[in-house]
Structures are given as structure tokens and as C-alpha cells.
Protein chains: 2
Amino acid sequence: MTDQMKPEKDEDFLQNCLYFTTNRLSRAITRMADEAFATTGLTPAYGYLIRLVIGSPGITQKELSEKLSITPSTLTRFVDKLETKQLVERKVHGKTVMVYPTEKGVELGPTLRQASKKLKQNYEELLGKELSDQLTQYLTSSSKQLEK
Amino acid sequence: MTDQMKPEKDEDFLQNCLYFTTNRLSRAITRMADEAFATTGLTPAYGYLIRLVIGSPGITQKELSEKLSITPSTLTRFVDKLETKQLVERKVHGKTVMVYPTEKGVELGPTLRQASKKLKQNYEELLGKELSDQLTQYLTSSSKQLEK
DNA sequence: TTTTGTATTTTGTATGTACAAACAAAATTA
DNA sequence: TAATTTTGTTTGTACATACAAAATACAAAA
């Protein structure tokens with residue numbers, strides 16, 4: 001296993017970098033996810049946000065931003081948009097804001113779960129269930145460690 | 001191993017979704033990468049682009065967008081900015097554009113490699129070399145499969 | 001009660017990125 | 001050679017996202 005056997009390719013520094021490879025996959029999977037969610041009228045990020053709200057009506061924005069691992073400012077914009085579409089509503093309670101699903105929001109729940117399911121089927125078909133699961137698990141644990 | 005033993009948590013649908021987990025890690029590692037590259041005056045994406053140009057002077061935009069797995073339109077914007085900073089220059093050749101590093105660009109090379117190295121050290125410290133390497137490899141092979 | 005601190009949210013601004021459409025050059029076909 | 005198709009690039013526009021600073025509101029101390 002000498003150096004002559006595996007010549008260093010020019011672009012290896014890309015393939016070996018976690019930053020690059022993560023973002024590369026992010027672009028690919030986001031494309032797939034957008035497609036799978038096209039029928040819902042929402043992008044996947046919003047879909048997941050609504051599902052959290054449906055699952056815990058009255059959840060605060062703080063909690064939402066933590067569960068989604070996005071910054072509070074981003075969350076504010078997301079909720080703004082969902083409120084405009086009348087899928088959720090805010091109730092201010094002192095300095096915290098609680099978010100509730102509207103009836104229309106609740107009705108969207110099954111459609112959203114459906115889209116998630118289709119997305120999962122799509123990528124599992126390309127990657128295999130093994131790799132998908134393994135990768136997903138690694139990603140979660142790595143995120144937790146890096147977020148500290 | 002019955003259902004009572006592992007109660008489904010509300011937010012499991014997030015943790016189990018490759019779309020979500022990938023983007024979550026993407027946000028975390030991008031934050032780290034931005035820090036590591038702060039000294040270079042460029043964000044990591046631009047840094048890698050320059051390194052490719054230094055490694056293959058005259059590389060076309062098409063090739064660059066393929067190696068970086070970004071769309072041609074995004075690449076155009078990147079090269080625009082690097083040209084403004086006088087780190088690369090374009091030479092139009094028919095309908096293709098060839099990109100060359102300027103002297104200033106070449107000089108930046110070592111600094112960029114340094115930053116990449118520091119980035120890698122940083123995340124390996126948090127994740128361990130094992131996991132980092134394994135994950136990176138999985139990410140590359142998954143991307144290849146999903147990009148088809 | 002006023003002040004001072006702290007936590008939550010919002011706003012201003014910037015970046016990376018995509019898609020679709022426009023454009024321009026080259027290659028193919030008639 | 002003229003017309004058509006393909007390929008590479010650019011531009012317009014939009015979205016997810018972040019950070020830093022401002023606003024808001026409660027809590028604790030003076």
C-alpha cells in the first residue's frame with residue numbers, strides 16, 4: 001500500500017472535507033425534498049415546523065427553534081409566513097410567543113406526513129435502507145456534538 | 001423490545017429524516033468552517049473554488065461547477081466575486097470561460113490550505129477521527145448516488 | 001418604585017444557493 | 001449554407017438562513 005498505488009487527486013481535499021461533503025449532500029437531498037413536498041404547497045422546512053406545532057399546540061418559538069436547530073430570527077420569519085398563509089397563529093404571552101395550528105393547519109397534517117413518507121421512500125430507493133439509516137444516525141449524533 | 005420500551009417521541013420524525021439531519025449538520029459545520037476561514041478573508045466555498053483554480057489554471061466554469069456540485073449560475077456569481085477581489089481572472093474562449101488565478105490568488109493558496117487544516121482539526125477534536133472519516137465517506141458516496 | 005439585568009422576539013442586512021429564462025457560440029442536420 | 005438543436009454562461013428573482021442590533025417584557029435588586 002505505497003503512495004504510488006493511490007495517487008493523490010487534485011480534488012481530494014474536497015472529498016475529504018466534512019464541510020464540503022455535508023453541503024454537497026444537503027443540496028442534493030434538499031432538491032429531492034422540495035420535489036416530494038411540491039404537492040403540499042410548502043417547502044419541507046415549513047412542513048416540519050407545522051408538524052411540530054400540530055404535535056404540541058402552544059409550543060413556544062424558542063422551543064421550536066431549538067427542535068429545528070435554527071436561529072430564532074429564522075424561526076420568526078418562518079412563523080410569519082405560515083401565519084400569512086393562515087396555517088398557524090401566534091399568541092403572545094409576556095415575552096414568549098406561543099404558536100398554535102389553525103384548523104387549516106391541522107388539516108394539512110396528513111398531507112405532510114404523506115410527503116415525508118414519499119421522500120423517505122425516494123432516498124431509500126437510491127441509497128438502500130442500511131446506508132440511509134446509518135447515515136441519518138451518524139448525522140444526528142455529529143450535529144449534537146458540533147452544536148455544543 | 002416491545003413498543004412500551006421505546007416510546008415514540010413527538011419529534012422523532014425529524015431525527016429520522018435524512019433531509020432534516022443533513023441540513024442540521026450543514027448549518028453546524030458551516031458555522032465552524034466560516035470561523036476557521038475568517039482569517040483568509042473568504043468564506044470556505046470561495047476558498048475551495050480558488051484552490052481548484054490554482055490546482056488547474058485555465059479550468060473551465062463548467063468543470064468547476066461539476067467538481068463543486070453547484071449549479072452553473074451559482075458558479076458564475078462566485079467567479080464574479082473572486083474576479084472583483086482580483087483573485088482570479090476569466091478568459092473567454094468561444095462559449096466557454098476559462099479561469100486563471102492571479103498572482104494574488106496564488107499567494108493565498110497556503111493560507112487557504114492552512115484554514116482547511118485547522119477546520120479539520122477542529123471537527124476531528126469534537127467528533128473523533130473515526131466518526132469524521134466514516135461520515136465523510138458516507139456523505140460522498142450518498143451524494144454521488146443522489147445526484148444521478 | 002425605579003433601575004438594572006436577562007430572556008425572547010423581531011428587524012435590518014447579508015450570503016449561499018437554486019430555477020427559469022435569456023443569450024451566445026458551436027455543432028448538427030437539411 | 002441556412003436552419004435547428006445543443007451547450008455553456010449570465011441575469012432576474014426568490015428562498016433559507018445567519019448575525020448583529022433593536023425592541024420588548026419580565027424579574028430582581030436597590
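In what follows, every chain begins at residue 1, and chains take the letters A, B, ... in the order their sequences are listed.
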*Asks:* Give one of base, sugar-phosphate or nothing for I70(A), where a contact means two heavy atoms less than 4.0 Å apart.
*Replies:* sugar-phosphate
*Asks:* May I ask you to verify whether the side chain of R77(B) and the base of dG12(D) hold a donor-acceptor pair under 3.5 Å?
*Replies:* yes
*Asks:* Take Y19(A) and K62(A), find for each the nucleotide of DNA chain C with the closest heavy atom, and name the residue whose nucleotide sits nearer the 5' end.
*Replies:* K62(A)
*Asks:* Of all the choices, dT6(C), dT9(C), dT17(C), which nucleotide is nearest to the side chain of K95(A) once you look at every atom?
*Replies:* dT6(C)
*Asks:* Base, sugar-phosphate alone, or nothing: which one does T43(B) contact when heavy atoms must sit under 4.0 Å apart?
*Replies:* sugar-phosphate
*Asks:* Quick check, are the ring centers of Y123(B) and Y19(A) under 6.0 angstrom apart?
*Replies:* no
*Asks:* Kindly say whether, by distance alone, the side chain of R90(B) makes a donor-acceptor pair under 3.5 Å with the base of dG8(D)?
*Replies:* no
*Asks:* Among dA16(D), dT9(C), dT10(D), which nucleotide sits nearest the side chain of Y46(A)?
*Replies:* dA16(D)
*Asks:* Out of dT10(D), dT17(D), dT11(C), which has the shortest distance to the side chain of S73(B)?
*Replies:* dT10(D)
*Asks:* Give a yes or no on whether a donor-acceptor pair under 3.5 Å exists between the nucleobase atoms of dT17(C), that is its base, and the side chain of R24(A).
*Replies:* no
*Asks:* Whether R113(B) engages the ring of F13(A) as a cation-pi pair (distance to the six-membered ring centre under 6.0 angstrom, angle to the ring normal within 45°) should be assessed.
*Replies:* no
*Asks:* Aromatic rings Y46(B) and F78(B): how do their planes relate, parallel, tilted or perpendicular, breaks at 30° and 60°?
*Replies:* tilted
